[in-house]
There are 2 protein chains.
Amino acid sequence: MSHSTEQTPERPTGQAVPTSADVARLAGVSRATVSYVLNNTSAVRISEPTRRRVREAAEELGYVPHAAARSLRAGHSRMVLLPSAHIPVGPLYSQFFHDLQWELRRLDYTVVQYGSVGLKPDEAARAWAELRPVAVVSLGEVELTEQSVELLKRSGARAVITLGTQQVPGTHSLALDQGRIGEVAIAHLIESGRRRIGVVVPEEPGLGMFSQPRLEGARRAAETAGAAAAGAGADAAGVAVVPLPLRYDEESADELAGRWRELGLDAVFAYNDEYAMLLMRALQDAGISVPEETAVVGADDLLLGRLLRPRLSTVHIDMVLGRELAELVDRAVRDTDVPPRSRRLLDSRVVRRESS
Amino acid sequence: MSHSTEQTPERPTGQAVPTSADVARLAGVSRATVSYVLNNTSAVRISEPTRRRVREAAEELGYVPHAAARSLRAGHSRMVLLPSAHIPVGPLYSQFFHDLQWELRRLDYTVVQYGSVGLKPDEAARAWAELRPVAVVSLGEVELTEQSVELLKRSGARAVITLGTQQVPGTHSLALDQGRIGEVAIAHLIESGRRRIGVVVPEEPGLGMFSQPRLEGARRAAETAGAAAAGAGADAAGVAVVPLPLRYDEESADELAGRWRELGLDAVFAYNDEYAMLLMRALQDAGISVPEETAVVGADDLLLGRLLRPRLSTVHIDMVLGRELAELVDRAVRDTDVPPRSRRLLDSRVVRRESS
DNA sequence: TTGAAAGCGCTACCAG
DNA sequence: CTGGTAGCGCTTTCAA
């Protein structure tokens with residue numbers, strides 16, 4: 001209310017974004033001093049009165065440093081970029097995501113999700129590179145090619161980390177090992193004496209990344225069991241795995257249930273709990289008894305599985321800790337020489353309830 | 001493989017991020033020319049051979065422009081910042097989110113989600129302001145105060161848009177009107193002859209923003225009905241609305257169902273379909289018949305509601321179009337003088353099935 | 001203890 | 001048609 005600067009009506013609506021120079025002027029010091037004070041630069045000693053004047057001036061003007069200018073000067077940023085696309089994901093995934101962001105922030109990174117819907121891999125990588133992130137953590141929504149990674153690294157990214165099945169050179173890839181989910185599900189069903197096992201493969205776009213590895217894992221488990229049984233001379237050699245395309249709607253489920261008997265299946269791994277609920281309903285409506293005639297296993301261990309009747313057996317997934325990943329990012333950023341290696345960070349186990 | 005620049009082994013691992021100067025050098029032109037070519041500046045004509053040389057050089061080096069430098073120079077960015085927190089949200093919300101991003105990108109904005117978990121309103125606003133976004137679209141995860149908005153605007157944000165119930169001065173606030181959801185649900189139940197109506201209020205943190213308005217809407221509907229009935233001399237004056245705190249787990253639901261009869265309720269609006277499923281299961285297990293003894297209404301019109309028995313009545317929510325919002329953002333950014341006004345962009349209607 | 005000045009990468013004026 | 005150059009906001013030597 002009492003500042004001489006008020007008499008400059010050249011900018012109608014207070015459009016001027018205050019800079020450190022403005023702060024310096026108001027505090028009667030140089031821009032350098034402002035920078036020292038506001039960043040608590042320890043290498044230099046500023047008198048307490050000066051500090052206060054600077055701080056008050058900054059407060060007064062509502063000064064906020066310009067991140068772009070800062071990182072331009074510094075030659076690097078502390079931005080971790082998480083590409084995000086449109087994937088329908090459950091509470092597990094989103095919890096993990098949340099933890100990751102939280103931990104990265106604790107380590108003083110600026111976490112930014114970059115919506116990359118509908119961009120081709122190289123376009124996407126380019127767009128990310130423009131922001132000069134210090135690290136990119138791709139949860140697999142967007143496919144990374146080798147040259148994408150190359151581009152990112154050339155643009156200053158000190159760590160590129162991928163979650164998912166892709167194994168791209170130059171990245172730290174954390175295998176979420178979706179295959180294991182299918183594997184344990186099918187192993188459980190075989191152990192329960194089932195022999196012709198359906199595996200639901202959602203037709204929704206964007207889910208292939210999860211469903212394909214699960215299907216492959218299922219096949220692996222069947223082969224393993226077959227080989228073991230053959231070796232033992234048992235009769236289990238003939239385990240069949242049948243892919244079952246399914247859309248997430250009633251019509252598709254009813255259609256599938258309608259031809260269930262001709263498929264001759266005695267069990268199904270339904271991709272996840274939600275698809276399991278859908279399919280189980282359709283099966284029951286079609287007069288197929290669960291688990292007697294057909295066993296059903298979901299995945300994700302959602303609450304809703306316990307609410308169904310029969311209670312749904314499911315694959316419980318231990319999601320990688322956001323904390324662990326955050327620390328990997330930090331280490332990779334600090335020592336560029338952490339060798340890009342793969343680790344598996346997801347384990348799965350069957351929770352048997354009543355549907356299998 | 002054949003460049004004279006290869007003989008500069010000063011930087012071991014190709015650490016150098018190529019700049020426009022590098023491109024210029026390689027192409028044998030000035031940095032200005034590089035800029036013109038790469039931005040297709042129409043105000044200036046560059047010969048085709050030169051253009052090609054520049055493009056090839058850029059390609060060669062893997063040059064990617066530095067967004068920070070660019071926007072520093074330009075004095076503004078085209079970044080739209082979406083604060084994101086940890087809210088368990090359904091497919092509606094995430095579809096909307098996706099559309100919004102898509103449309104904003106079409107309008108040539110850079111959309112960035114900024115994880116703002118655990119930041120106080122003013123800290124958050126400051127962090128956002130450092131990035132100098134041209135617009136901020138808060139979907140309500142983080143509370144915006146009047147001075148937050150002031151700060152953002154002073155930092156160059158030309159539009160601050162809030163979705164949610166908050167009505168902050170200086171923002172375009174799009175009322176998602178959660179209240180209306182409770183309103184239509186309760187109106188429907190009253191119309192069906194129910195008089196003592198429970199309203200589930202989730203205890204999960206972060207949901208208050210949705211649940212409180214829904215509860216208030218429910219109360220409003222009850223009052224309205226009461227007044228109308230009193231005016232008509234009818235016996236409906238005594239509509240009671242009872243808040244029912246509930247955690248999203250079986251224990252909490254069983255506990256609630258256990259004292260259901262003493263609550264003397266003949267209907268319940270269960271916040272959404274998932275809570276409805278949880279509660280309905282608990283009620284049925286406790287021997288309460290649905291809908292005879294107690295009617296149940298959910299919200300969100302999820303597929304799972306149709307899979308339940310009885311089929312779940314629900315409130316279908318017409319979510320605001322991402323497209324519409326994107327256009328509002330664009331208009332607000334271009335004409336600063338679009339008056340910040342409120343609009344309601346969500347409508348709701350009851351889908352009656354079997355549970356009510 | 002503080003100030004002057006250089007320069008990060010980029011674009012937009014003006015000269016040539 | 002192309003090149004030189006100033007300057008966006010910031011940090012950080014180097015001098016005073």
Side-chain angles (χ1 to χ4, degrees), chain A residues 15-54 57-58 61-79 129-134 154-156, chain B residues 15-55 57-58 61-79 129-132 134 154-156:
Chain A
Q15 293 283 31
V17 183
T19 74
S20 76
D22 296 322
V23 177
R25 202 154 27 233
L26 181 55
V29 299
S30 76
R31 286 154 65 218
T33 307
V34 171
S35 176
Y36 292 143
V37 172
L38 265 34
N39 296 310
N40 286 314
T41 307
S42 52
V44 97
R45 306 221 60 78
I46 307 275
S47 69
E48 197 47 52
T50 305
R51 305 184 92 89
R52 245 215 342 281
R53 283 219 314 287
V54 169
L61 295 176
Y63 169 72
V64 176
H66 193 307
R70 177 180 302 195
S71 67
L72 183 58
R73 168 66 223 228
H76 62 259
S77 73
R78 289 190 62 80
M79 177 190 295
E130 290 190 355
L131 299 179
R132 298 287 192 274
V134 70
R154 284 197 67 78
S155 304
Chain B
Q15 293 283 32
V17 183
T19 74
S20 75
D22 296 323
V23 177
R25 203 153 28 232
L26 182 54
V29 298
S30 76
R31 287 154 66 221
T33 306
V34 171
S35 176
Y36 292 142
V37 171
L38 264 34
N39 296 309
N40 286 314
T41 308
S42 52
V44 97
R45 307 223 60 80
I46 308 277
S47 70
E48 197 47 52
T50 306
R51 305 183 91 89
R52 245 215 343 280
R53 283 219 315 287
V54 169
R55 280 199 238 277
L61 295 175
Y63 169 72
V64 175
H66 193 307
R70 179 182 302 199
S71 67
L72 183 58
R73 168 66 224 231
H76 61 261
S77 73
R78 289 190 63 80
M79 177 189 296
E130 289 190 357
L131 298 179
R132 297 287 192 275
V134 71
R154 284 198 66 78
S155 303

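The structure displayed is predicted, hence computed values, not measured ones. Per chain, numbering begins at 1; letters A, B, ... match sequence-line order.
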Indicate the atoms forming the closest heavy-atom contact of [X] with [Y], along with that distance.
X       : Y       : result
A:Val23 : A:Val54 : CG1-O, 3.9 Å
A:Gly62 : A:Pro18 : O-CG, 4.0 Å
B:Thr33 : B:Thr50 : CG2-CG2, 4.0 Å
A:Ala69 : B:Leu72 : CB-CD1, 3.9 Å

May I have the distance from [X] (atom [atom1]) to [N] (atom [atom2]), rounded to whole angstrom?
X       : N      : atom1 : atom2 : result
A:Arg70 : D:dC8  : CZ    : P     : 19 Å
B:Asn39 : C:dC13 : CG    : P     : 13 Å
A:His66 : C:dG9  : NE2   : P     : 17 Å
A:Leu38 : D:dC10 : CG    : P     : 10 Å
A:Leu61 : D:dG9  : CG    : P     : 14 Å

In terms of the nearest nucleotide of DNA chain C, which residue is placed more toward the 5' end: B:Ala68 or B:Thr41? B:Ala68

Under the side-chain hydrogen bond (donor to acceptor under 3.5 Å, both in side chains) rule, collect the residues that match up with A:Thr41, sequence neighbours excluded. none

Which side-chain hydrogen bond (donor to acceptor under 3.5 Å, both in side chains) pairs, counting each pair once, include a residue from residues 63-76 of chain A, with sequence neighbours left out? none

Under 3.5 Å: donor-acceptor pair, side chain of [X], backbone of [Y]:
X        : Y       : value
B:Arg31  : B:Ala21 : no
B:Arg132 : B:Ser77 : no
A:Arg51  : A:Val37 : no

Side chain of B:Arg31 only, please: which of D:dT11, D:dG9, D:dA6 is the nearest? D:dA6

Counting just side-chain N and O atoms, does A:Thr33 come under 4.0 Å of either OP1 or OP2 of C:dG3? yes

May I ask you to verify if any side-chain N or O of A:Thr19 is less than 4.0 angstrom from the OP1 or OP2 atom of D:dG9? no

With sugar-phosphate meaning primed atoms plus P, OP1 and OP2, does A:Ser20 contact a base, only sugar-phosphate, or nothing at under 4.0 Å between heavy atoms? sugar-phosphate

In numerical order, the residues of residues 72-79 of chain B whose heavy atoms come under 4.0 Å of DNA chain D are B:Leu72, B:Arg73

Bend of the helix from C:dT1-D:dA16 to C:dG16-D:dC1 from end-axis comparison, five pairs per end, nearest 10°, comes to 50°

Of residues 44-54 of chain A, the positions that come close to DNA chain C - non-hydrogen atoms, cut-off under 4.0 Å: A:Val44, A:Arg45, A:Ile46, A:Ser47, A:Thr50

Straight-line distance of A:Met79 CE to B:Leu131 CG, nearest 0.5 Å: 6.0 Å

Under 3.5 Å, which protein N or O atoms sit close to an N or O of nucleotides 13-16 of chain D? Give each pair with its distance.
| from | atom 1 | to | atom 2 | distance (Å) |
| --- | --- | --- | --- | --- |
| D:dT13 | O4 | A:Tyr36 | OH | 3.2 |

